[in-house]
Amino acid sequence: MTRVRFAPSPTGYLHVGGLRTAFYNWAFARATGGTFLLRIEDTDRSRLVEGAMENLIESLRWAGIEADEGPHKGGEHGPYVQSERLAIYREHVDKLVAEGKAYPCFATPEELEEMRQKQIEAKENPRYDGRYRNLDPAEAKQRVEAGEKHVIRLKVPAGEDIVFDDVVRGTVSINTDTVDDQVLMKSDGFPTYHLAAVVDDHLMEITHVIRGEEWLSSTPKHILLNRAFGWNPPKYAHLPLIVNEQKKKLSKRDGDVSVESYRDNGFSAIGLVNFLALLGWSAGDDKEYYESLDEMAQAFTLERISKAPSVFDVAKLKHINFQHLRVMPAEELAEKLTPYFEKAGLPKPSDEKLHAVIEVMRERANVYPDYVEGCDYFYKAPDSYDEKTVKKRWKDDSPALLAAYRKRLETCHWDMETLETELKAVTEEAECGAGRLIHPVRLAVSGVGGGPGLYDLLYLVGREECLSRIDTALEKLPGQVTA
RNA sequence: GGCCCGGUGGUCUAGCGGUUAGGACGUCGCCCUUUCAAGGCGAAGAUCGCGAGUUCAAAUCUCGUCCGGGUCACCA
């Protein structure tokens with residue numbers, strides 16, 4: 001039975017890289033009939049952000065990833081928030097100290113900083129020099145009991161190659177000479193990531209640790225810790241990083257990195273996850289579109305995760321999102337659109353009208369707001385006219401043709417076929433191409449040069465509104481009606 | 001700088017000893033549409049980072065090298 005976890009820190013929002021990690025974990029659990037749990041790693045009190053945990057859970061839920069166990073779900077292995085497990089870490093670290101596998105270190109942060117500076121000046125690699133490693137245990141105990149500030153460090157053996165088999169990277173070997181006597185317990189009584197994660201992963205019976213590559217070089221510490229406790233370490237799978245165009249780890253500086261920002265910008269959950277899943281993984285075929293998370297989970301294997309980092313390309317995200325929106329039922333789409341109408345300050349149209357707009361816009365919308373702000377002319381009169389289009393399409397004869405068409409629109413039957421017949425009649429009468437009138441009409445009614453078919457546009461905007469918009473255009477756009 | 005990981009068109013990728021190196025995004029062109037998209041067709045774009053070696057044969061195996069990244073905290 002496999003058990004995996006996603007263990008974010010509540011320092012703000014869910015990062016897109018975090019979502020991908022969460023998805024891989026979730027998919028692996030689903031694919032193997034295992035369990036996926038959520039654990040909150042809030043051991044750094046200085047970086048805590050109010051509401052971040054709820055935000056994380058909400059973002060995951062939005063994405064469609066629900067944990068089987070977690071702070072919001074409960075479970076047999078709780079609590080799932082590390083700050084509620086302090087006694088557990090204490091107990092474990094005490095045991096290590098008692099067995100001589102870890103020891104108190106009384107060096108102050110300032111002292112250590114000074115040590116590092118000297119090492120750097122001497123062109124040495126900065127590292128803990130073991131100054132309290134061999135302190136007499138009795139003396140150490142006494143100082144601890146006297147209340148002296150200290151941390152607990154792990155005794156890392158010298159000159160040993162720690163070799164492990166990473167599921168995505170293969171055999172990795174790191175010598176302990178490059179590993180510091182790692183701090184396990186901070187002076188504030190909170191565990192470090194290393195201690196907390198190892199203890200929790202064991203207690204929560206995690207079988208596979210699937211996490212970002214930034215953790216690869218500290219994996220020996222985790223293996224050593226497991227050994228100190230007498231445990232078998234889980235299997236490790238280190239995921240390639242998601243990077244920016246400069247190939248650097250994607251960060252806040254690169255713009256939108258939070259899941260909520262993509263959600264707010266109108267990407268669908270399935271579109272985002274589909275895109276993210278393909279960043280570093282493929283089923284081995286050319287499949288790029290997955291209808292559901294479950295469909296991806298079916299095809300998912302850790303072995304097919306690639307080793308190389310991948311660049312986050314919004315253009316591709318848009319394309320994948322487009323494919324999902326294209327097949328989304330109108331009812332569902334209409335519901336997703338609600339917040340965008342609010343945001344744009346537009347009243348939400350009737351279902352009937354909205355569904356009609358949706359069908360007409362389907363082939364041109366990449367994100368939700370493309371159905372609202374991107375075609376606001378369906379909902380309100382244009383307040384300006386696109387300059388380029390005016391220049392290109394608004395000719396000397398436009399006012400006259402438009403006026404003539406307007407006259408027919410007053411009384412003609414309001415269906416798309418008639419709208420077209422009437423337009424053709426006007427241009428035939430004027431002995432010119434239909435385009436001569438089509439474009440000015442579009443410009444007058446929508447204010448822009450592109451969009452859905454003209455007759456769809458007119459039909460949906462409605463007779464009264466069309467007439468009024470044409471009047472406005474004749475008034476505002478250059479030229480007089482000379483005929 | 002030490003250690004570790006990585007390297008197929010601009011981007012995401014397929015490939016696992018013999019392929020005209022395949023697909024997708026993006027770009028460009030044509031068709032369709034008197035719009036914009038979508039769709040169809042087509043094009044440009046990769047000496048598979050580079051150099052050796054193994055082999056009849058290497059993107060695929062080995063070594064070296066270069067470049068890129070990650071990590072070296074009482075942050076995760």
Side-chain angles (χ1 to χ4, degrees), chain A residues 7-11 41-47 82 105 107-109 112-113 116 120 123-128 149-153 166 168-170 172-175 177-180 182-194 196-197 211-220 238 240-241 243 245-249 275 278-289 304 306-320 322 326 361-366 370 375 389 392-393 427 433-439 441-443 446 448-454 457:
Chain A
S9 285
T11 55
E41 311 222 322
D42 59 344
T43 55
D44 183 355
R45 288 179 304 165
S46 67
R47 295 208 307 164
Q82 292 186 326
C105 168
T108 64
L112 293 172
E113 187 48 40
R116 272 184 219 109
I120 290 168
K123 308 234 167 171
E124 290 168 19
N125 289 316
R127 60 170 306 185
Y128 179 66
K149 266 210 158 192
H150 66 282
V151 301
I152 304 293
R153 287 180 185 270
D166 189 280
V168 344
R169 264 143 235 287
V172 176
S173 172
I174 296 175
N175 193 281
D177 285 344
T178 67
V179 181
D180 261 10
Q182 192 58 44
V183 172
L184 302 178
M185 191 64 92
K186 299 184 261 187
S187 61
D188 64 0
F190 277 69
T192 57
Y193 168 85
H194 307 291
R211 78 227 302 192
E213 196 196 319
E214 67 265 31
W215 293 109
L216 187 60
S217 44
S218 46
T219 302
H238 287 94
L241 261 19
V243 299
E245 295 84 340
Q246 288 77 240
K247 312 286 184 191
K248 299 243 174 92
K249 199 162 124 182
F275 166 73
L278 259 20
L279 232 45
W281 172 81
S282 82
D285 48 25
D286 290 325
K287 194 170 170 63
E288 290 208 310
Y289 172 83
R304 291 209 52 87
S306 73
K307 303 184 204 331
S310 36
V311 177
F312 189 97
D313 179 17
V314 186
K316 182 100 178 212
L317 202 212
K318 280 185 183 163
H319 179 258
I320 290 182
F322 161 74
R326 182 153 64 159
M361 289 297 293
R362 266 195 199 280
E363 305 302 320
R364 5 188 162 237
N366 291 316
D370 288 344
C375 59
T389 309
K392 187 174 176 192
R393 307 292 194 186
T427 53
R436 205 75 178 168
L437 177 52
I438 288 176
H439 299 298
V441 175
R442 174 187 297 287
L443 182 64
S446 74
V448 294
L454 179 67
L457 174 68

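Chain letters run A, B, ... following the sequence lines, proteins first and then strands; every chain starts at 1.
Using C1' as the reference atom, B:G17 and B:A58 are 6 Å apart when rounded to the nearest Å. Nucleotides B:A59 and B:C16 are separated by 10 Å at their C1' atoms, to the nearest Å. Taking atom C1' on both B:U55 and B:C67, the two are 29 Å apart, rounded to the nearest angstrom. If you take atom C1' in B:C50 and the same atom in B:U13, they sit 23 Å apart, rounded to whole Å. For the P atom pair drawn from B:C48 and B:U19, the interatomic distance equals 14 Å after rounding to whole Å. For the P atoms, the distance from B:U47 to B:C56 is 28 Å, rounded to whole Å. When the C1' atom is compared between B:U54 and B:A73, the two are found 46 Å apart, to the nearest whole Å. Comparing the C1' positions of B:G70 and B:C74 gives an interatomic distance of 22 Å, to the nearest angstrom.
Rounded to a whole Å, the CD atom of A:Q82 is 18 Å from the P atom of B:C74. In this structure, A:R127 atom CZ and B:U71 atom P are separated by 19 Å, rounded to whole Å. Counting to the nearest Å, the P atom of B:C75 and the NZ atom of A:K249 are 16 Å from each other. Straight-line distance from the CD atom of A:E41 to the P atom of B:A76: 9 Å, rounded to whole Å. A:K186 places its NZ atom 15 Å from the P atom of B:A73, with the value rounded to the nearest Å. Atom CG of A:N125 is separated from atom C1' of B:A73 by 15 Å (rounded to the nearest Å). Between the CH2 atom of A:W215 and the P atom of B:C75 there is a distance of 11 Å, given to the nearest Å. One can place CD1 of A:I120 at 12 Å from C1' of B:G2, the figure rounded to the nearest angstrom.
Using a 4.5 Å heavy-atom cutoff, the side chains of A:R153 and A:V183 are in contact. In this structure, A:R211 and A:H238 have side chains that are in contact, with non-hydrogen atoms separated by less than 4.5 Å.
Between B:U35, B:C75, B:G6, one nucleotide has an atom nearer to the side chain of A:R169 than all others, and that is B:G6. Considering only the side chain of A:E214, B:A76 comes nearest among B:C5, B:A76, B:C3. The A:A315 side chain lies nearest to B:G26 when the options are B:C3, B:C74, B:G26. Listed nucleotides B:C3, B:G70, B:A73 differ in distance to A:T178; the shortest reach to its side chain belongs to B:C3. With B:A76, B:G26, B:C4 as the choices, the nucleotide that has an atom nearest any side-chain atom of A:V172 turns out to be B:C4.
Scanning all heavy atoms of the two residues, the minimum distance from A:L279 to A:V311 falls at CD1-O, 3.9 Å.
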In B/S/- notation (B base, S sugar-phosphate only, - none; protein heavy atoms under 4.0 Å), nucleotides 8-19 of chain B written 5' to 3' is ---SBSSS----
Protein heavy-atom contacts under 4.0 Å, written 5' to 3' over nucleotides 38-45 of chain B as B (base), S (sugar-phosphate only) or - (none), form the string SS------
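Dashed line: the shortest gap from a side-chain N or O of A:K248 to OP1 or OP2 of B:G69 is under 4.0 Å. Applying the 4.0 Å criterion to OP1 and OP2 of B:C74, one finds that A:R116 has a side-chain N or O inside that range. A:T43 has no side-chain polar atom (N or O) that falls below the 4.0 Å cut-off from OP1 or OP2 of B:C75.
Within the nucleic acid shown, A:K123 has no heavy atom closer than 4.0 Å to any nucleic acid atom. No contact: A:T11 has no heavy atom under 4.0 Å from any strand. The residue A:R153 sits close only to the backbone: its heavy atoms come under 4.0 Å of sugar-phosphate atoms, none of a base. Across all strands shown, A:L241 has heavy atoms under 4.0 Å from sugar-phosphate atoms exclusively, and none from any base. Within 4.0 Å of A:A107, counting heavy atoms only, lies at least one base atom of the nucleic acid. Contacts of A:R393 with the nucleic acid, taken as non-hydrogen atoms under 4.0 Å apart, involve only primed sugar atoms and P, OP1 or OP2.
In this structure, B:C75 forms no base pair with any nucleotide, since neither Watson-Crick nor G-U wobble geometry is met with both distances under 3.5 Å. Partner assigned to B:G18 is B:C56, using Watson-Crick or G-U wobble distances below 3.5 angstrom. Nucleotide B:C4: paired with B:G69 (Watson-Crick or G-U wobble, both distances less than 3.5 Å). Nucleotide B:G51 forms a pair with B:C63, judged by Watson-Crick or G-U wobble geometry with both contacts under 3.5 Å. Across every strand in view, B:G39 sits in a pair with B:C31 that passes the Watson-Crick or G-U test at under 3.5 angstrom. Across every strand in view, B:G26 sits unpaired, with no contact that passes the Watson-Crick or G-U test at under 3.5 angstrom.
In this structure, the separation between CG on A:D44 and CD on A:Q82 is 11.5 Å, given to the nearest 0.5 Å. In this structure, OG1 in A:T108 is found 6.5 Å from CG in A:L112, a value given to the nearest 0.5 Å. Here the straight-line distance linking atom OG1 of A:T11 with atom CD of A:E41 works out to 11.5 Å at 0.5 Å rounding. One distance of note links CD of A:E213 with CZ of A:R169; it measures 4.0 Å at 0.5 Å rounding. A:I152 contributes atom CD1, which lies 11.0 Å from atom OG1 of A:T192 (distance to the nearest 0.5 angstrom).
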For nucleotides 59-63 of chain B, give me every protein contact, N/O to N/O, under 3.5 Å, one pair per line with atom names.
none

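Summarising the local packing, NZ of A:K287 is surrounded by more than 12 heavy atoms from other residues, nucleotides or ligands at distances under 6.0 Å. The environment of NZ in A:K186 is crowded: more than 12 heavy-atom neighbours from other residues, nucleotides or ligands sit within 6.0 Å.
Considering only residues two or more places apart in sequence or on other chains, A:K249 meets the side chain to side chain donor-acceptor pair (under 3.5 Å) condition with none of them. Scanning for salt bridge (Lys or Arg N to Asp or Glu O under 4.0 Å) contacts around A:E245 gives an empty result, with sequence neighbours left out. Take A:R362 and apply the salt bridge (Lys or Arg N to Asp or Glu O under 4.0 Å) test, not counting sequence neighbours, and it matches A:E359.
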How far apart are the C-alpha atoms of A:Y193 and A:S218, what are their side-chain angles, what is the distance that settles it, and do they pass the side-chain contact (heavy atoms from CB on, under 4.5 Å) test? CA-CA 11 Å; A:Y193 168 85; A:S218 46; 5.7 Å; no
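Side chain of A:K307 to main chain of A:V168: a donor-acceptor pair is present (N/O by atom type, distance under 3.5 Å, no hydrogens or angles).
Nearest-nucleotide assignment on RNA chain B puts the 5′-proximal partner with A:P452, out of A:C105 and A:P452.
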